[in-house]
Enquirer: 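Have a look at this one before I ask anything.
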Amino acid sequence: MGDNPTAGGAGDVTWTLKELLARPEFKSTKGKSLIYASIPGPEFVEKAMEIGVGGKIKAEAGATVDNRFAGPLTLEGTITAIKEGDVNAEIEVVVKVGNIDVIVTKKRKPYHHLSDFTNLGLDPKNTDIVVVKIGYLVPELYDMRGDWTMALTPGGVDQDLNRLGYKRINRPMFPIDSAMTQPNLKARLIPAADSK
């Protein structure tokens, strides 16, 4: 959720993808399958276009706009799809890294529809885990899987209020400062200024 491009996130925070790539169960094609949608990487896309589908690539993507939580990632794998002409992403590239299909885009793009995946030759209905950078599931994605989890990840639109870097607030601030006394949160009716 923290890097949701539809909420104003940069869309290029690499923290979650870095954590996934470090997991042993995703390093082998015998492990769990995962689709990661998506990470912008214009230079990665350009290089992939030169190499073509089926070729091996090793290039950096992400963290161009927001590198506070993790830097650019070097993705090394096989290019399984290249699609041009998307209204948001312009160009999409799928690279298989271990057992993760990483979608790398020229420009940031949210993935809301089944066709966003199937147009790239991906099968999210039969993939073990699908990661999307959105703050809610549209009905098409919600109905696609038997279960879902919302991850409070770092980024420009982080929903973990205690993790945000507050700089100019009067302290104590409820509910940020847990040691403060419980404030009175009951509604008060205030008469209009022109009433007697």
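Heads up: numbering here begins at 1 and tracks the sequence.
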Enquirer: If we only count heavy atoms from C-beta on, is the Val130 to Leu141 side-chain gap below 4.5 Å?
Expert: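 No, every pair of side-chain atoms sits at 4.5 Å or beyond.
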
Enquirer: Rounded to the nearest 0.5 Å, what separates atom NE2 in His113 from atom CG in Asn119?
Expert: 11.0 Å

Enquirer: Honestly curious: do Ile129 and Leu20 fall in one hydrophobic cluster under the side-chain, below-4.5 Å linking rule?
Expert: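 Ile129 and Leu20: one cluster.
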
Enquirer: Parallel, tilted or perpendicular: which one describes the rings of His112 and Tyr136, with boundaries at 30° and 60°?
Expert: parallel

Enquirer: Quick check: do Leu114 and Pro124 have side-chain heavy atoms less than 4.5 Å from each other?
Expert: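 Yes; the side chains approach each other to less than 4.5 Å.
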
Enquirer: Please check this pair: side chain of Ser28 against backbone of Lys30, looking for a donor-acceptor N/O pair closer than 3.5 Å.
Expert: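 Yes, because the side chain of Ser28 sits within donor-acceptor range (under 3.5 Å) of the backbone of Lys30.
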
Enquirer: Side chains of Lys109 and Ser38: any donor to acceptor distance under 3.5 Å?
Expert: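 No.
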
Enquirer: Which atom pair, heavy atoms only, marks the closest approach of Val65 to Ala10?
Expert: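 Heavy-atom minimum between the residues: CG1-CB, 3.7 Å.
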
Enquirer: Above 12 or not: heavy atoms from other molecules or residues under 6.0 Å from CZ of Arg23?
Expert: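 Result for CZ/Arg23: open.
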
Enquirer: So does Lys18 have more than 12 non-hydrogen atoms from other groups sitting under 6.0 Å from NZ?
Expert: no

Enquirer: Are any side-chain N or O atoms of Arg108 and backbone N or O atoms of Gly9, one a donor and one an acceptor, separated by less than 3.5 Å?
Expert: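 Side chain of Arg108 to backbone of Gly9: a pair is present.
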
Enquirer: Any side-chain to backbone donor/acceptor pair from Glu90 onto Asn88? Under 3.5 Å, distance only.
Expert: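 No: the side chain of Glu90 does not pair with the backbone of Asn88.
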
Enquirer: So which heavy atom on Pro154 is nearest to which on Asp158, and how close?
Expert: CA-OD2, 3.6 Å

Enquirer: What's the verdict on side-chain contact (heavy atoms from CB on, under 4.5 Å) for Glu84 and Met49, showing C-alpha distance, side-chain angles and the deciding distance?
Expert: CA-CA 10 Å; Glu84 297 182 67; Met49 298 282 288; 3.5 Å; yes

Enquirer: Determine yes or no for a side-chain-to-main-chain donor-acceptor pair under 3.5 angstrom, with Lys47 supplying the side chain and Lys58 the backbone.
Expert: yes

Enquirer: Verify, without hydrogens or angle tests, whether Asp177 (side chain) and Ala179 (backbone) share a donor-acceptor contact under 3.5 angstrom.
Expert: no

Enquirer: Do Thr14 and Ile39 have side-chain heavy atoms sitting under 4.5 Å apart?
Expert: yes

Enquirer: Grab the two heavy atoms, one from Met1 and one from Ile134, that are nearest each other, plus how far apart they are.
Expert: CG-O, 4.1 Å

Enquirer: Rounded at 0.5 Å granularity, tell me how far CG in Leu161 sits from CE in Met173.
Expert: 11.0 Å

Enquirer: Give, for atom NZ of Lys32 and atom CD of Glu25, the distance between the pair rounded to the nearest 0.5 Å.
Expert: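 Answer rounded to 0.5 Å: 9.0 Å.
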
Enquirer: Please tell me whether Leu75 and Val45 are part of a single hydrophobic cluster in this structure, the criterion being side-chain heavy atoms less than 4.5 Å apart.
Expert: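 Looking at the clustering, Val45 is in the same group as Leu75.
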
Enquirer: Side chains of Tyr36 and Ile103, heavy atoms from C-beta outward: is any pair under 4.5 Å?
Expert: no

Enquirer: How close do Glu140 and Ser115 get, heavy atom to heavy atom, and via which atoms?
Expert: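 Answer, listing the atom of Glu140 first, then Ser115: OE2-N, 4.2 Å.
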
Enquirer: Let me check something: do Val94 and Ile91 share a hydrophobic cluster, defined by ILVMFWY side-chain heavy atoms less than 4.5 Å apart, either directly or through other members?
Expert: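 As far as the 4.5 Å side-chain criterion goes, Ile91 and Val94 are not connected within one cluster.
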
Enquirer: Tell me which one of Leu122, Leu120, Val131, Val102 satisfies side-chain contact (heavy atoms from CB on, under 4.5 Å) with Ile35.
Expert: Leu122

Enquirer: Could you grab the distance from atom OG1 of Thr74 to atom CD1 of Ile57, nearest 0.5 Å is fine?
Expert: 11.0 Å

Enquirer: Taking C-beta and beyond as the side chain, do Ile79 and Ile51 meet within less than 4.5 Å on heavy atoms?
Expert: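 The answer is yes, as the side chains (C-beta and beyond) meet within the 4.5 Å cut-off.
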
Enquirer: If we ignore angles and hydrogens, is there a donor and acceptor under 3.5 Å between the side chains of Asn99 and Ser33?
Expert: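 No, because no side-chain N or O of Asn99 sits under 3.5 Å from a partner of the opposite role on Ser33.
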
Enquirer: Under 3.5 Å, side chain of Asp66 to main-chain N/O of Ala63, donor-acceptor pair present?
Expert: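 Absent.
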
Enquirer: What closest approach, in Å, do Gly11 and Pro40 show between heavy atoms, and which atom pair accounts for it?
Expert: O-CD, 2.9 Å

Enquirer: Using only atom types and a distance under 3.5 Å, with no angle test, would you say the side chain of Lys27 pairs donor to acceptor with the backbone of Leu21?
Expert: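 Here the side-chain-to-backbone pair exists.
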
Enquirer: Would you say the side chain of Thr16 lies within less than 4.5 Å of the side chain of Asp3, judging by non-hydrogen atoms?
Expert: no

Enquirer: Shared ILVMFWY cluster between Val87 and Val104, side chains joined below 4.5 angstrom?
Expert: no

Enquirer: When rounded to the nearest 0.5 angstrom, what distance separates CZ in Phe69 from CD in Glu19?
Expert: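 Result: 13.0 Å between the selected atoms.
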
Enquirer: Under 4.5 Å between side-chain heavy atoms, hopping through other hydrophobics if needed: is there a path connecting Phe117 to Leu137?
Expert: yes

Enquirer: In this structure, are over 12 heavy atoms from other groups packed under 6.0 Å from Leu189 atom CG?
Expert: no

Enquirer: Within a strict 4.5 Å, meaning less than it, do heavy atoms of the Leu73 and Trp15 side chains meet?
Expert: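 The answer is no, as the side chains (C-beta and beyond) never meet within the 4.5 Å cut-off.
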
Enquirer: Would you give the length of the straight line joining atom CG of Asp12 to atom OG1 of Thr64, rounded to the nearest 0.5 angstrom?
Expert: 5.5 Å

Enquirer: Do Lys133 and Pro5 have side chains that get closer than 4.5 Å, going by heavy atoms?
Expert: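 Yes, their side chains come closer than 4.5 Å.
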
Enquirer: Is there a donor-acceptor contact under 3.5 Å from the side chain of Thr78 to the main chain of Lys96?
Expert: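 Between the backbone of Lys96 and the side chain of Thr78 there is no qualifying donor-acceptor contact (under 3.5 Å).
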
